[in-house]
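A short write-up of the structure that comes next.
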Amino acid sequence: MSQIYYKAINWNEIEDVIDKSTWEKLTEQFWLDTRIPLSNDLDDWRKLSAVEKDLVGKVFGGLTLLDTMQSESGIEAIRADVRTPHEEAVLNNIQFMESVHAKSYSSIFSTLNTKKEIEDIFEWTNTNEYLQKKAEIINEIYLNGSALQKKVASTYLETFLFYSGFFTPLYYLGNNKLANVAEIIKLIIRDESVHGTYIGYKFQLGFNELSEQEQDEMRDWMYDLLYQLYENEEGYTKSLYDQVGWTEEVLTFLRYNANKALMNLGQDPLFPDSADDVNPIVMNGISTGTSNHDFFSQVGNGYLLGTVEAMQEDDYNYGL
């Protein structure tokens, strides 16, 4: 019987510098929902209409479902095809942060909603036809798609499908409402922009190794999938936003982010919509120093980790 040797990861020998820069970026911007004072938004919450409260609950329910799927099956699907050991380490980080994102929505619910309201939100989430179809389409690719198809599905999820939900808190932020809820969303967007860029980059490495015919076939499949997802997202958006009159603005925002997903994958934009077409209030919410889809931007968003100092002997002299 041959001896099995286990290989230790060596961060001093980097095969792909993007692995290292992504790891550093993600660890620099680490955050937890427990450090955001969500209860400060309760006054704003009480002033929202019942229709608006219903919208917020459903939006975050949908986001919870997608982040849960990404943390449970999405990253696992991609992990089998890593090119470097450092890539696997980056995916471990991404998987953990997707779980942090999913938990963050529950922190919002527990702050703003009653137990019965939370139960109703999750019941709606688990039975909504558009949400379930969206999850089914993506998860089917995670289960049975090729390595490159899985990366496309993940990038579409990270850079496109989340944004029908992100519109709401960014809109309220621009109108000076629910600022702490929006802070969590901006931190999530900051993460997702790195996730989508990184996985899109890894897709491009594999795509560039295909023959011209294989590239054409993959490109056709990618655009067909995007059309399918956008058609479903139209129905989902109308079901959420018709009641408040924001549907067309949200669809513009979605088309803009669909183009961003394609660009992350190294492809040409599909829709004519640009940043100039998006509601400027919402665009401003993702265009601060750290939430600008900018992979190499500085850590910010007003979120600061505590300063760490070495313990001194005097620190133990309680009351002396």
Indicate yes or no: at least one non-hydrogen side-chain atom of Phe207 is less than 4.5 angstrom from one of Gln267. yes
Aromatic contact, Trp23 with His86 (centres under 6.0 Å): no
Does Lys20 have any side-chain hydrogen bond (donor to acceptor under 3.5 Å, both in side chains) partners at least two apart in sequence or in another chain, and if so, which? Glu24
How about Tyr142 and Gln70: does a side-chain donor come under 3.5 Å of a side-chain acceptor? yes
Do the side chains of Lys260 and Phe160 get nearer than 4.5 Å, heavy atoms only? no
Ser71 vs Met97, side chain to side chain contact (heavy atoms under 4.5 Å, CB included): CA-CA, chis, key distance, verdict: CA-CA 8 Å; Ser71 66; Met97 287 313 297; over 6 Å; no
Can you tell me how far the CG atom of Leu65 sits from the CG atom of Asn126, to the nearest 0.5 Å? 7.0 Å
Near Tyr223 OH, under 6.0 Å, is it more than 12 heavy atoms from other residues, nucleotides or ligands? yes
Does the plane of the ring in Phe166 sit parallel, tilted or perpendicular to the ring in Phe162? Use 30° and 60° as the thresholds. parallel
Can you check whether Ser107 reaches Lys103 side chain to side chain, under 4.5 Å on heavy atoms? yes
Closest heavy-atom pair and its distance - Asn93, Leu26: OD1-CB, 3.6 Å
As a quick check of understanding, evaluate side chain to side chain contact (heavy atoms under 4.5 Å, CB included) for Ile14 and Thr84, giving each step before the final call. CA-CA 9 Å; Ile14 302 295; Thr84 69; over 6 Å; no
If we only count heavy atoms from C-beta on, is the Ser106 to Phe122 side-chain gap below 4.5 Å? yes
How about Ile141 and Trp221: do any of their side-chain heavy atoms sit closer than 4.5 Å? yes
Is it true that Asp16 and Lys202 make a salt bridge, defined as a side-chain N closer than 4.0 Å to a carboxylate O? yes
Give a yes or no answer on whether the side chain of Asn208 reaches the backbone of Gln204 with a donor-acceptor pair at less than 3.5 Å. yes
As an exercise, state the distance from CD1 of Ile188 to CD of Glu183, rounded to the nearest 0.5 Å. 11.0 Å
Considering residues, nucleotides and ligands other than Glu119, do more than 12 of their heavy atoms fall under 6.0 Å from its CD? yes
Asp41 (side chain) donor-acceptor with Val181 (main chain) under 3.5 angstrom: yes
Considering non-hydrogen atoms only, spot the tightest contact between Lys186 and Gly285 and give its length. CE-O, 3.2 Å
Would you check if Ile108 and Trp45 make a side-chain contact, meaning some heavy-atom pair closer than 4.5 Å? no
Taking atom types as modelled, find out whether Tyr198 and Asp19 have a side-chain donor-acceptor pair closer than 3.5 angstrom. yes
Any side-chain heavy atom of Tyr227 within less than 4.5 Å of one from Leu270? yes
Does any part of the side chain of Trp31, heavy atoms only, come nearer than 4.5 Å to the side chain of Ser104, both counted from C-beta? yes
Shortest non-hydrogen pair, Ile185 vs Pro169, comes out as CG1-CG, 3.5 Å
Output every pair passing side-chain hydrogen bond (donor to acceptor under 3.5 Å, both in side chains) with a member in residues 168-178, not counting sequence neighbours, ordered by first then second residue. Glu52-Tyr172, Thr168-Tyr241
Would you please test Phe203 and Val152 for side chain to side chain contact (heavy atoms under 4.5 Å, CB included) and show each step? CA-CA 7 Å; Phe203 166 84; Val152 171; 3.5 Å; yes
Ion pair present between Asp54 and Lys58, side-chain N to carboxylate O less than 4.0 angstrom? yes
Hey, does the Lys NZ or Arg CZ of Lys134 hover above the aromatic six-ring of Tyr236, less than 6.0 Å from the centre and inside 45° of the axis? yes
Roughly how far, to the nearest 0.5 Å, is CD1 of Ile36 from OG1 of Thr111? 11.5 Å
Kindly assign one of parallel, tilted or perpendicular to the pair Phe253 and Tyr163, based on the angle between their ring planes and the thresholds 30° and 60°. perpendicular
